[in-house]
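Note sheet for the following structure.
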Number of protein chains: 2
Amino acid sequence: MGKILEIYRSSENCPIRTVLDRIGDKWSILVILILGEEETMRFNELQKSMNDISQKMLTVTLRKLESDGLVHRRIFPEIPPRVEYNLTERGISLLPHIHSLSDWATKNIDGIRRSRAKSGN
Amino acid sequence: MGKILEIYRSSENCPIRTVLDRIGDKWSILVILILGEEETMRFNELQKSMNDISQKMLTVTLRKLESDGLVHRRIFPEIPPRVEYNLTERGISLLPHIHSLSDWATKNIDGIRRSRAKSGN
DNA sequence: CTGAATCCTTTAGGATACTG
DNA sequence: CAGTATCCTAAAGGATTCAG
C-alpha cells in the first residue's frame, strides 16, 4: 500500500477528510460557489439566493467557513446592522477545484441518473 | 445573478449537489481514492485498508457507489464467497478531480488548522 | 468471506420565537 | 437586518447478531 493511503486512513491526519468533513455538508459548497460569482453579499442576499436554506443553517455554515478561513465577514456598525461576506484568498484558491468537480458532475449527471434508475435508486 | 447560480439553487436539478449528496458522506471519497490506487480489492481488503469503517457502512457505501456507476462489483461463485471491487470508467474519470481537491487540502491544511485554532475550533 | 437485519446513538438540520 | 436560543425531527452511522 502506498504512503498516500497511509494518510487517508487516519481521519485525524488526513487533509482531505479534515476538509471534506466541513465542506461536504449540505450548504458549504453552494455558499462558496455563490460568493465566487457575486464577490460580496449581505446575509439576507445570500439567504434569498439559496432556495431553501434556513436562517440558522446559513449562520452555522458561514461561521464554519469563516473559522476555516475561507470566508471573510465584515460588520458595518450601522442600524439596522449590515454584514457583508466574501471569499478570502484561501476561499478563492479553492474555487477552481470546486468548479472542476462541478463540471464533472454536470457532464456525468445524466449517466449517473440513469445508473441510479437502473439500480432502483 | 448568472445562469449557473440558477441551477445551483435548486437541489434537485443541481448536478453538483446531486453528486455531492452522495460523495460528501463519510466514506465514499476514501473508497474511491483507495480503489484508485489499488485497482482491484476484495471486501475484506477494503475494510482492513480503512482504519475504522464498520462493515455495515462499507456495504452501504459500496452499494451507493455501485448504483451511481462509479464502482463495479464482481462476484465469484465460490465458497467461501469472494467479491472484488474496482472503479468503473466513470469512477476513474472522477479520480483526478478528487486528487486535485486532495492536493489543495494537503497544501492548505496547516493554514486551515491555524484558522480553526484561532477561532476556537 | 460477504454480507443482511436490527437496534441504538449521534449528528445534521429545520421551525419557531426572541433580540440589539 | 442579522442574528441567538431552544426545541424537535430526520438522517447518518455504529454495534451486534445472524445467514448462505
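Each chain gets a letter, A, B and so on, in the order the sequences are listed, and its residues count up from 1.
Under the 3.5 Å distance criterion, with hydrogens and angles disregarded, a donor-acceptor pair is assigned to the side chains of B:Arg90 and A:Ser115. A donor-acceptor contact under 3.5 angstrom links the side chains of A:Ser100 and B:His97, judged on distance only.
Remark: B:Arg73 is not in phosphate contact with C:dT2, judged by side-chain N or O atoms under 4.0 Å from OP1 or OP2. In this structure, A:Arg42 reaches the D:dA2 phosphate: one of its side-chain N or O atoms is under 4.0 Å from OP1 or OP2. Within the structure, every side-chain polar atom (N or O) of B:Lys56 is placed at least 4.0 Å from both OP1 and OP2 of D:dT16. OP1 or OP2 of C:dG3 has at least one side-chain nitrogen or oxygen of B:Tyr85 nearer than 4.0 Å.
Among the heavy atoms of the strands, none lies under 4.0 Å from B:Phe76. Residue B:Glu78 is classed as having no contact, given no heavy-atom separation below 4.0 Å to the nucleic acid.
Atom-to-atom, CD of B:Glu45 to C1' of C:dT2 comes out at 13 Å; the value is rounded to the nearest Å. The CD1 atom of A:Ile79 sits 15 Å away from the P atom of D:dG3 (whole-angstrom rounding). One atom, CD1 of A:Ile75, and another, P of D:dT4, lie 10 Å apart when rounded to the nearest Å. Going from atom CD1 of A:Ile53 over to atom C1' of C:dG14 covers 11 Å, rounded to whole Å. Regarding B:Glu84, its CD atom lies at a distance of 13 Å from the C1' atom of C:dC1, rounded to whole Å. A:Phe43 has its CZ atom 9 Å from the C1' atom of D:dC1, to the nearest Å. The CG-C1' distance, from A:Asp21 to C:dA12, rounds to 13 Å in whole Å. The CZ-P distance, from A:Arg17 to D:dG13, rounds to 11 Å in whole Å.
Both B:Val83 and A:Gly24 lie close to DNA chain C; mapped to their nearest nucleotides by heavy-atom distance, the more 5′-ward contact belongs to B:Val83.
The main-chain N or O of A:Ser28 is found under 3.5 Å from a side-chain atom of A:Asp25 such that the two form a donor-acceptor pair.
When the nucleotides D:dG13, C:dC1, D:dC1 are ranked by their closest atom to the side chain of B:Asn44, C:dC1 comes out on top. The B:Gln55 side chain lies nearest to C:dA4 when the options are D:dG13, C:dC1, C:dA4. The side chain of A:Met57 has C:dG13 as its nearest neighbour among D:dG3, D:dG13, C:dG13. For B:Pro81, the listed nucleotide lying nearest its side chain is D:dG20; candidates were D:dG13, C:dA4, D:dG20.
Using a 4.5 Å cut-off on side-chain heavy atoms (C-beta onward), A:Ile112 and B:Arg22 make no contact.
Both B:Ile75 and B:Leu46 are assigned to one and the same hydrophobic cluster, defined by single-linkage of ILVMFWY side chains at heavy-atom distances under 4.5 Å.
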